[in-house]
Amino acid sequence: MKKSTWFWFSLMRLAAFALPLAIMLLLGMIPWLAATLSAIIGLCVSYIFFAKTRNALSESLYEKRAAKNVNHDKDADAEDAEVEAGLAKESKGKA
């Protein structure tokens, strides 16, 4: 997994929250309201504009998780293949 993907995504999300927060606080808004609105704005901006980075991060997480699960149970794989073959044979008989 690329560390830079994590870094940039985290930095962009932080900026999407911090910028509106700073602006609202400078305008004299109530701090808890400014934080709440900034969180909502940051979530929306992240969802709309950071999809490419989010998908890259998601893929890297999936690949890392899949690499850990390399040790398949060969017995379970054989049983699954047998069940699938039986279902295929059964569906051919009905057609």
Side-chain angles (χ1 to χ4, degrees):
M1 175 180 350
K2 289 173 135 181
K3 298 267 186 202
S4 63
T5 305
W6 277 97
F7 175 75
W8 286 113
F9 186 70
S10 299
L11 189 65
M12 289 187 308
R13 291 282 311 260
L14 183 62
F17 171 76
L19 241 48
L21 179 64
I23 292 168
M24 286 185 230
L25 289 175
L26 286 174
L27 292 175
M29 190 176 277
I30 303 168
W32 66 267
L33 183 60
T36 303
L37 291 176
S38 295
I40 293 169
I41 291 169
L43 178 69
C44 293
V45 166
S46 173
Y47 185 76
I48 295 169
F49 297 109
F50 304 156
K52 192 174 187 180
T53 308
R54 186 178 61 245
N55 289 340
L57 184 61
S58 174
E59 286 176 12
S60 68
L61 285 172
Y62 175 78
E63 290 169 1
K64 183 178 180 181
R65 186 72 152 175
K68 280 187 175 181
N69 294 331
V70 173
N71 301 333
H72 293 290
D73 186 9
K74 292 182 181 185
D75 189 39
D77 289 341
E79 290 173 1
D80 291 343
E82 189 69 32
V83 169
E84 289 175 7
L87 289 174
K89 189 183 273 186
E90 187 178 303
S91 67
K92 282 184 180 179
K94 290 183 179 181

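Since the model is a prediction, treat every value here as computed from it, not as a measurement.
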Quiz item: What is the minimum heavy-atom distance between Leu25 and Ala34, and which atoms define it?
Solution: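 Taking every non-hydrogen atom into account, CD2-CB, 4.0 Å.
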Euclidean distance, [Y] [atom2] relative to [X] [atom1], rounded to 0.5 Å:
X     : Y     : atom1 : atom2 : result
Thr53 : Trp6  : OG1   : CH2   : 13.0 Å
Leu19 : Ile23 : CG    : CD1   : 5.0 Å
Leu61 : Arg65 : CG    : CZ    : 10.0 Å
Ser58 : Glu63 : OG    : CD    : 9.5 Å

Check whether [X] and [Y] end up in the same hydrophobic cluster, where Ile, Leu, Val, Met, Phe, Trp and Tyr are linked by side-chain heavy atoms less than 4.5 Å apart.
X     : Y     : result
Leu37 : Phe49 : yes
Leu33 : Met24 : yes
Phe9  : Ile48 : yes
Met12 : Phe17 : no

Report task. Please identify each residue that fulfils side-chain contact (heavy atoms from CB on, under 4.5 Å) with Ala16, with sequence neighbours left out. Result ->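 Scan of Ala16 (side-chain contact (heavy atoms from CB on, under 4.5 Å), adjacent residues dropped) gives Val45, Phe50.
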The complete set of side-chain hydrogen bond (donor to acceptor under 3.5 Å, both in side chains) pairs with one or both residues in residues 32-46, sequence neighbours excluded, reads Arg13-Ser46
